Amino acid sequence: YWASHWAGTKGAFTKIPRHGLPPMYCKQQIDDYHSMDFNERLNTSSYVNVVFEPEEEQVALMGMKINLADQTVYPNSFKLHNDVVNMIARLWKCPKPSDFAETEAYAGAGTVGSTEACLLAGLTLKFRWRKWYMDRFGCNEDEVRGVYPNLIISTQFQACWEKFFKYFDVKPILITPSSKDFKITAAQVKEAIDDKTIGVVCIMGNHYGGQYDPVWDIDKVVEEVNKAKNYSVGIHVDAASGGFIAPFQAELPPWDFRLKNVLSISASGHKFGNSCCGTGWVVWRQREGLSEHVAISVSYLGGNADSYTLNFSRPAQGIYVQFYKFIRYGLDGYRRLCENQMAVAAVLRAGLAQMQCNGKPRFVILDDTHCSSGDDKSKPCLPVVTAMLNPDLNLPYNDIDLQHAISQEHWYVSGYKMCMHHPLTHTEMPLFSDQPTGQTMFRIVVKSNLTLQNASHLSRAIESAVQFLDSHSAGYRNGSHTRQFKRGQSAEEPKAHRSLSVC
């Protein structure tokens, strides 16, 4: 390959070549692209699992050949899909459906990531609300389609909900939490509910700080409002990141289907479920009045089958790998993973807390272990470390500059501004009720591959980065130094809001 003209031709494949190449040449071209990326194991920005055993890679290759939509040709692969749905439904304490003897499956589906899962759950809430609204106000279908429904959610939402509001014509009712805990409150939710509310989204593990919305408190006020006003508001738990962490944190109050008004839960299998990228799950409390709203009967593939997904044809590798991981780890294995990841996060957090500048703390810890409430007790959260450079230091650089300086040691750590853009109007608005939009922060996701040895190196990289920034002072931000850290990016600071790498 290295002596061929292909190796010395720039931009040879901006269009399909006239003649094909040998397999080794094709692979080398892709290797060249991949080699210029960041090392995926050192990417602490993303929640997506990147480590696989050889056996599960073989399983994934097997699943690439299976179209899971074709249930009549691949019935046992679809049974495996249903077995995984059943495992997850039981993990989340879903009541056994009344038709289980007939279907042998809980109401749920494997999806292309948690984005599709959230879209399906949101559509279910919308269709359920339409039926209630027609009965309540005596409308017909045409009339109710002219009513603009809303969905209550925190400003900490992931990108999929922006798609939901834009694609499916639902108004976002955004609740802006405090930076002290990143959580919406039951009182805020109670005030926001009206007769056009299709539901409330509670986030179990927001991607900025890893905190859990208090589903247990919100369930109580939803029940109170429903009884007082004869509403039918339900809760969707967006557990994209927390769905495979929260079940293994015994100190958590009930957050799942044990709560009456939780109608659906979604999660990314490819995050802390440790499946491969593109794996998501949604489970509904029941079919009647919920998942039946998004079910489509398909008969042209040689039999009759129900499809619950927005996407139709899809490979089976994510389902195969998820099944592999469930039986490979078992409940004890997932619990140990959670404990290990929380322990590594604690070491990184302690390292940040010990760093000083001019006799003051270098960083302010923002995640749920900072104990700002004064109860001296950390709260259950994701294995995530979130912090910001101490504003009291008035440093001439920010957390996004720190992100780029750390990258010199090959680590990718996400820096964000504390602002977002409204999903419909695109106007800039604060992410928190008590922080200016220009304030920055950064976040480290502790995945299963981030060991204590890795964490020690990352801590040293952060310390080296702040020393570098201190020595360059304001000249770093305004001079040519900025550009040398932006691998594949322009010289502008990236927007803080909705980086798809965290969804």
Side-chain angles (χ1 to χ4, degrees), residues 27-52 57 207-208 210 270-272 274 276-277 340-341 343-352 354-355 362-363 367 382-389 395 397-416 440-472 476-477 479-496 499-503:
K27 182 179 181 299
Q28 187 59 55
Q29 286 283 329
I30 297 169
D31 284 344
D32 287 347
Y33 277 95
H34 178 257
S35 67
M36 290 180 281
D37 286 334
F38 274 89
N39 183 333
E40 62 271 15
R41 292 190 62 179
L42 303 184
N43 178 11
T44 70
S45 168
S46 171
Y47 284 85
V48 177
N49 174 53
V50 295
V51 289
F52 305 96
E57 290 181 347
H207 57 247
Y208 291 105
H270 60 228
K271 293 181 182 175
F272 294 120
N274 287 282
C276 56
C277 189
N340 287 348
Q341 290 164 232
V344 172
V347 169
L348 284 167
R349 194 177 295 111
L352 293 177
Q354 290 170 6
M355 294 184 194
R362 168 80 70 172
F363 297 103
D367 57 61
L382 298 182
V384 167
V385 180
T386 304
M388 64 180 176
L389 289 161
L395 297 169
Y397 52 86
N398 63 24
D399 299 282
I400 298 172
D401 297 318
L402 177 62
Q403 165 191 327
H404 299 309
I406 293 170
S407 72
Q408 288 298 91
E409 298 286 345
H410 308 293
W411 289 96
Y412 194 86
V413 175
S414 282
Y416 301 96
T440 59
M441 61 181 174
F442 69 94
R443 184 208 61 212
I444 299 168
V445 179
V446 179
K447 296 183 286 191
S448 60
N449 63 278
L450 186 56
T451 63
L452 279 175
Q453 181 177 355
N454 296 145
S456 296
H457 186 277
L458 177 54
S459 292
R460 291 194 298 271
I462 294 172
E463 191 160 16
S464 175
V466 293
Q467 290 172 358
F468 171 86
L469 292 169
D470 286 342
S471 67
H472 284 71
Y476 169 78
R477 297 199 70 190
S480 60
H481 300 287
T482 305
R483 289 182 174 83
Q484 70 182 357
F485 298 109
K486 313 228 179 206
R487 301 177 62 173
Q489 295 182 1
S490 69
E492 297 180 13
E493 288 183 352
K495 290 183 179 178
S499 169
L500 293 181
S501 67
V502 300
C503 295

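We use all heavy atoms of the structure for the numbers below, so side chains are in, but hydrogens, waters and symmetry mates are not. No experiment lies behind these values; they were computed from the predicted model shown.
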Applying side-chain hydrogen bond (donor to acceptor under 3.5 Å, both in side chains) to Gln28 and not counting sequence neighbours gives Asp32
CZ of Arg460 to CG of Leu458, rounded to nearest 0.5 Å, is 10.0 Å
* Working for side-chain contact (heavy atoms from CB on, under 4.5 Å), residues Glu40 and His34 -> CA-CA 10 Å; Glu40 62 271 15; His34 178 257; 3.5 Å; yes
For the residue pair Asp367 and Val385, establish whether any side-chain heavy-atom pair is separated by less than 4.5 Å. yes
Distance col, row Leu450:CG vs Ile444:CD1, nearest 0.5 angstrom, shows 8.0 Å
Value for CG (Leu352) from CD1 (Ile462), rounded to nearest 0.5 Å, stands at 5.0 Å
The side chain to side chain contact (heavy atoms under 4.5 Å, CB included) partners of Val347 (sequence neighbours excluded) come to Leu452
Taken to the nearest 0.5 Å, the spacing of Asp399 CG from Gln403 CD works out to 9.5 Å
Residues passing the side chain to side chain contact (heavy atoms under 4.5 Å, CB included) test with Thr451, sequence neighbours excluded, are Gln453, Asn454
Sorted by chain and residue number, the side chain to side chain contact (heavy atoms under 4.5 Å, CB included) partners of Leu42 (sequence neighbours excluded) come out as Asn39, His410, Trp411
Taken in chain and number order and not counting sequence neighbours, the residues that satisfy side chain to side chain contact (heavy atoms under 4.5 Å, CB included) with Ser448 are Asn49, Val51, Asn274, Leu337, Gln341
OH (Tyr208) and CG (Leu382) are apart, to the nearest 0.5 Å, by 14.5 Å
Worksheet item: Is Arg349 reaching over with its side chain to a backbone N or O of Val384, donor-acceptor style, under 3.5 angstrom?
Response: yes
Side-chain donor or acceptor of Ser464 paired with backbone N/O of Ala461 under 3.5 Å = no
Problem set entry | Whether Ser414 side chain and Phe442 backbone form a donor-acceptor pair below 3.5 Å | no
(request) Could you go through the side-chain contact (heavy atoms from CB on, under 4.5 Å) check for Thr440 and Tyr416 one step at a time? (result) CA-CA 5 Å; Thr440 59; Tyr416 301 96; over 6 Å; no
Scanning both residues in full, the closest heavy-atom pair of Lys447 with Asn43 reads NZ-O, 3.4 Å
Arg443/Ser45 under side-chain contact (heavy atoms from CB on, under 4.5 Å): CA gap, chis, key distance, verdict: CA-CA 7 Å; Arg443 184 208 61 212; Ser45 168; 4.0 Å; yes
Tell me if the aromatic rings of Phe468 and Tyr397 count as close, with their centers under 6.0 Å from one another. no
Q. Does the Tyr47 side chain pair with the main chain of Val445, one donor and one acceptor, at a distance under 3.5 Å?
A. no
The salt bridge (Lys or Arg N to Asp or Glu O under 4.0 Å) partners of Asp470 (sequence neighbours excluded) come to Arg362
Residues Phe272 and Pro383: closest non-hydrogen pair is CZ-CG, 3.7 Å
(message) Tell me whether Asn398 contacts the main-chain N or O of Asp401 through its side chain, where contact means a donor paired with an acceptor under 3.5 Å.
(response) yes
Residues Cys277 and Val48: closest non-hydrogen pair is CB-CG1, 4.0 Å
Closest non-hydrogen contact found for Glu409 with His457 is O-CE1, 4.0 Å
Checklist entry - Phe38 versus Ser407: any side-chain heavy-atom pair under 4.5 Å? => result yes
